[in-house]
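Comments concern the structure below.
Residue numbers run from 1 in the order of the sequence given. The shown structure was predicted, so the numbers you read here are calculated from the model rather than taken from an experiment.
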Amino acid sequence: PYRPARGGWSAAEDEPPLTIVTAAHDGLSLGRLDASKDLRLRAYATGVFRSSIEVRTDVAQVAADGSEEEVGEVLTVMVARQPPPPSSASGGATAASGTQRHQPLVAAPLPPLDLTRSSESSPEAEAEAEQRRQEAERNQARRKAQAAKALKHAPPTQEEV
């Protein structure tokens with residue numbers, strides 16, 4: 001079967017199940033909306049990291065003539081998770097009851113995103129793909145910097161008190 005999050009075609013049926021979940025919506029921004037016009041959402045992956053994916057969704061209002069006006073965007077971060085590898089110490093079951101222990105899911109590695117591997121490969125498409133990759137890396141760095149300043153990691157500064 002074809003498994004894109006596992007890197008493509010795979011004959012291995014014993015791979016652990018993969019779950020991809022939404023971790024965060026980052027920076028939703030919407031301009032003035034006209035309730036008489038339809039909205040069109042256009043989403044695309046901007047980056048794939050070790051175990052996460054960043055997806056950008058552009059929001060446009062559609063006029064009666066079909067023209068679009070971009071009115072907003074949002075970044076969605078999704079993470080890949082899988083069951084932990086079996087532990088030889090516990091064997092995954094309790095001795096008394098023989099029932100399976102619930103274990104939290106762990107990060108699952110993802111293959112890199114190739115933004116240039118399409119039928120429209122051109123210098124312009126490759127330049128746009130490079131811009132998306134750089135944007136995703138800047139966004140990831142910003143999110144990591146914000147997380148490092150979170151109250152659970154660092155106390156408030158004197159200015160913040």
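In this structure, the side chains of Glu124 and Glu128 stay at 4.5 Å or more apart for every pair of heavy atoms. Side chains of Gln82 and Pro109 form a contact here, defined as non-hydrogen atoms less than 4.5 Å apart.
With rounding to the nearest 0.5 angstrom, the CZ atom of Arg132 is 9.0 Å from the CD atom of Glu135. Note: Thr46 OG1 to Gln131 CD = 12.5 Å, rounded to the nearest 0.5 Å.
Closest approach of Pro104 to Pro84, counting heavy atoms only: O-CD, 3.4 Å. Across all non-hydrogen atoms, the minimal contact from Glu54 to Phe49 is CB-CE1, 4.4 Å. Residues Ala43 and Val55 approach most closely at CB-CG1, 4.1 Å, considering heavy atoms.
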Name every donor-acceptor pair, under 3.5 Å, that has one atom in a side chain of residues 70-79 and the other anywhere in the protein, sequence neighbours excluded.
from  : atom 1 : to    : atom 2 : distance (Å)
Glu73 : OE1    : Arg56 : NH2    : 2.7
Thr76 : OG1    : His25 : ND1    : 3.0

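When the salt bridge (charged side-chain N to carboxylate O under 4.0 Å, His left out) test is applied to Arg50, no partner is found at least two apart in sequence or on another chain. Take Ala80 and apply the side chain to side chain contact (heavy atoms under 4.5 Å, CB included) test, not counting sequence neighbours, and it matches Leu18, Ile20, Ala108, Leu110. Not counting sequence neighbours, the partners of Lys37 by the side chain to side chain contact (heavy atoms under 4.5 Å, CB included) test are Asp34, Gln61. Evaluation of the side chain to side chain contact (heavy atoms under 4.5 Å, CB included) rule for Gln134 yields Glu130, Arg138 as partners, not counting sequence neighbours. In this structure, Ala127 has no side chain to side chain contact (heavy atoms under 4.5 Å, CB included) partners at least two apart in sequence or on a different chain.
Side-chain heavy atoms closer than 4.5 Å link hydrophobic residues (I, L, V, M, F, W, Y) into clusters, and following such links, possibly through other members, connects Leu39 to Leu28.
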### Task
In sequence, state the C-alpha distance, the side-chain angles, and the governing distance for Asp26 and Arg142, and then conclude on side chain to side chain contact (heavy atoms under 4.5 Å, CB included).
CA-CA 11 Å; Asp26 181 19; Arg142 177 183 46 79; 2.8 Å; yes

